[in-house]
Amino acid sequence: MDDEVISLFPLGTERSASGHLMIAGHDLAQLAKTWGTPLYVFDAGTVRNQVNKIKQLLTQYYAGPNEITYAAKSYFSLGAARHMAEMGLGVDVVSLAEMSIARKAGFDADKVHLHGNNKSEEELLAALDWGIHAVVVDSLDELLFFEKLAEKRKKKARIWLRVTPGIEVDTHPDIQTGHLTSKFGFLLSDGQAAEGIRRAQASPWFDLVGLHAHLGSQLFEAEPYLDTIEMLLSLADRSHFLPIEICPGGGWGVRYTLEDSTESPELWVKTVGKTVSEQFARRGWPLPKLVLEPGRYIAAQAGVSIYTVGTTKVVSDGTTVVAVDGGMADNIRPAIYGSKYSLLLVNRPASGTQRRTSIVGKFCESGDILISNAQLPEMHRDDVVAMPASGAYQLAMSSNYNMAPRPTVLWLTPGNVEMLQKRETLDAGGWWMGA
Ligand code: LLP
């Protein structure tokens, strides 16, 4: 079992001769001892590998200009942002804080996009003042609001419009975004998107350069991307608008368990690259800049969450319940999406018979279950365990439930450990202290 599950971890993860799990040459049991648990680690090599894979696929399947824009919402911190900027990525930000961190980390303004369905005046003005590449306008209401701000600042804004194609994708309903009732984007079917283009083009305060759509997350099918691009292009055509940039979003999935799809991102990039090429060539339009916006694909596999086992018990149906020292405060995904995860022992290889086991957190809520009813080896107090594919949307959605401190986060390269996030403490100055 170890051998197979190891493939879900960062590239090159292995067991040492003494049976410890190793990432980039670092002994996870030792890291747990030094830094305490819960502990999150990112393998730099895996992040770089994922980025390079998409870069190489874009070069292979798309002849026009392209850009990979990292979805900061999947995981962001100053250190991580610096590494992402150094890798030549652009960044999709959705808040003033993400924008400020991107700026501090050294991202070029020209590689930043601001998303969101309800951007504040402060956020829109910050985007204008920094001169980011594009604000992705989400609705007619926002278009008019932003136009007033641009006029007030006497600054023309470069924008994209986010279009909602009305396509349902095969993923958890809460992480679909391109369906008819989505809160995101200009709906295509009722003419909102066409009206948005018309008004944006008519405004002296906007330079409309592109169209955007994002269908959802953790996707393994390419057809919805193909349909979306066709719909965006036929909308542009009907609106007499020649986009010089096009972005079919992010969304490509990763493996959390051995049951998950093994479909590679080649299918995604190939489909998108070919469809954009064909659709533009058919109209005799020059190839646009193709922007892909992956978050999970870049961050998930590189990240690992590490916990220490505390209490174990057997409940009335015979399930063994193993409690770890983290849970829903650092990983809310199983509780809200029913997401499935895998686990390996860090301090020794699995041995003995497997039994039906649930891995639960330490928080005061029955739904605080990280893994439900899986066949797992026997575990005891002080065993250290690791869960793969923890890099995206865990720390990013973490909370202080039960006043839990957010964990330490490390960035591992061979021979070096960099702290990306310091474990929160109850020192003076925390938000819980009031003024
Ligand atoms: N672009 C836009 C406009 C997005 O809204 C998102 C994600 C992405 C790109 C990146 O999608 P990705 O490549 O990471 O799938 N909390 C959920 C995921 C929410 C995704 C939100 N938007 C989860 O834990 O599964």
Contacts table for residues 328-338: side-chain donor-acceptor under 3.5 angstrom, sequence neighbours left out:
from	atom 1	to	atom 2	distance (Å)
D330	OD1	G327	N	2.9
D330	OD2	Y40	OH	2.6
D330	OD2	Y307	OH	2.5
N331	OD1	R333	N	3.1
R333	NH1	S339	OG	3.4
R333	NH1	Y341	OH	3.0

Validation: residues 79-88 side-chain donor-acceptor distances under 3.5 Å, sequence neighbours left out:
from	atom 1	to	atom 2	distance (Å)
H83	NE2	W411	NE1	3.2
H83	NE2	E418	OE1	2.8
H83	NE2	E418	OE2	3.4

Those residues that, when tested against [X], pass salt bridge (charged side-chain N to carboxylate O under 4.0 Å, His left out) (two or more places apart):
{"X": "R199", "result": "E195"}
{"X": "R348", "result": "D383"}
{"X": "R423", "result": "none"}
{"X": "K73", "result": "D92"}

(message) Between R282 and D237 (salt bridge meaning N to carboxylate O under 4.0 Å), is one present in this structure?
(response) no

(message) For E142, is there an ion pair with K119 - N to carboxylate O distance below 4.0 angstrom?
(response) yes

(message) Among residues at least two apart in sequence or on other chains, which ones pass side chain to side chain donor-acceptor pair (under 3.5 Å) with R406?
(response) S398, N400, E424

Over all atoms of both residues, closest heavy-atom pair of [X] and [Y]:
{"X": "A127", "Y": "V135", "value": "CB-CG2, 3.8 Å"}
{"X": "T408", "Y": "L410", "value": "CG2-CD2, 3.8 Å"}
{"X": "V291", "Y": "P248", "value": "O-CD, 3.3 Å"}

Main-chain N/O of [Y] paired with [X] side-chain donor or acceptor, under 3.5 Å:
{"X": "T164", "Y": "G166", "answer": "no"}
{"X": "R15", "Y": "G19", "answer": "yes"}
{"X": "T319", "Y": "T357", "answer": "no"}
{"X": "K362", "Y": "G326", "answer": "no"}
{"X": "N402", "Y": "C364", "answer": "yes"}

(request) Evaluate the criterion side-chain hydrogen bond (donor to acceptor under 3.5 Å, both in side chains) for residue pair T171 and Q218; output intermediate values, then yes/no. (result) CA-CA 6 Å; T171 191; Q218 184 62 0; over 6 Å; no

(message) Does atom NZ (K33) have a neighbourhood of more than 12 heavy atoms from anything else shown, all under 6.0 Å?
(response)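 Open.
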
(request) May I ask you to check whether over 12 heavy atoms, not counting those of K289, lie within 6.0 Å of atom NZ? (result)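 Check passes, neighbour count above 12.
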
(request) Examine H115 together with H212 and report whether their ring centres are nearer than 6.0 Å. (result) yes

(message) Please report whether the ring centroid of F146 lies less than 6.0 Å from that of F206.
(response) yes

(request) Please step through side-chain hydrogen bond (donor to acceptor under 3.5 Å, both in side chains) for the pair H113 and E293, ending with a clear verdict. (result) CA-CA 10 Å; H113 303 109; E293 250 171 13; 5.0 Å; no

(message) Please enumerate all residues that pass side chain to side chain contact (heavy atoms under 4.5 Å, CB included) together with N52, with sequence neighbours excluded.
(response)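 Scan of N52 (side chain to side chain contact (heavy atoms under 4.5 Å, CB included), adjacent residues dropped) gives R48, K55.
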
(request) Only counting residues at least two apart or in another chain, list the ones meeting side chain to side chain contact (heavy atoms under 4.5 Å, CB included) with H179. (result) E168, Q176, T181, S182

(request) Drop me the distance from E221's CD to S261's OG, to the nearest 0.5 angstrom. (result)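 Between E221 CD and S261 OG, I get 9.5 Å after rounding to 0.5 Å.
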
(request) Please round to the nearest 0.5 Å and tell me the distance separating atom OG of S217 and atom NE2 of H172. (result)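 Those atoms lie 12.0 Å apart.
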
(message) Distance alone, cut at 3.5 Å: any donor-acceptor contact between the side chains of H133 and R158?
(response)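 Looking only at side-chain atoms, R158 and H133 do form a donor-acceptor pair, the distance falling under 3.5 Å.
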
(request) Give the intermediate values and the outcome of side-chain hydrogen bond (donor to acceptor under 3.5 Å, both in side chains) for residues Y75 and Q421. (result) CA-CA 11 Å; Y75 175 68; Q421 272 180 240; 2.8 Å; yes

Would you mind writing out the side-chain donor-acceptor pairs for residues 185-193 within the sub-3.5 Å range, not counting sequence neighbours?
from	atom 1	to	atom 2	distance (Å)
D190	OD1	Q192	N	3.1
D190	OD2	Q192	NE2	3.0

(message) Once side chain to side chain donor-acceptor pair (under 3.5 Å) is applied, what residue pairs with a partner in residues 262-275 remain, sequence neighbours excluded?
(response) Y61-E266

(request) Could you name each residue pair satisfying ring-ring contact (aromatic ring centres under 6.0 Å, His included) that touches residues 272-295, not counting sequence neighbours? (result) F280-W285

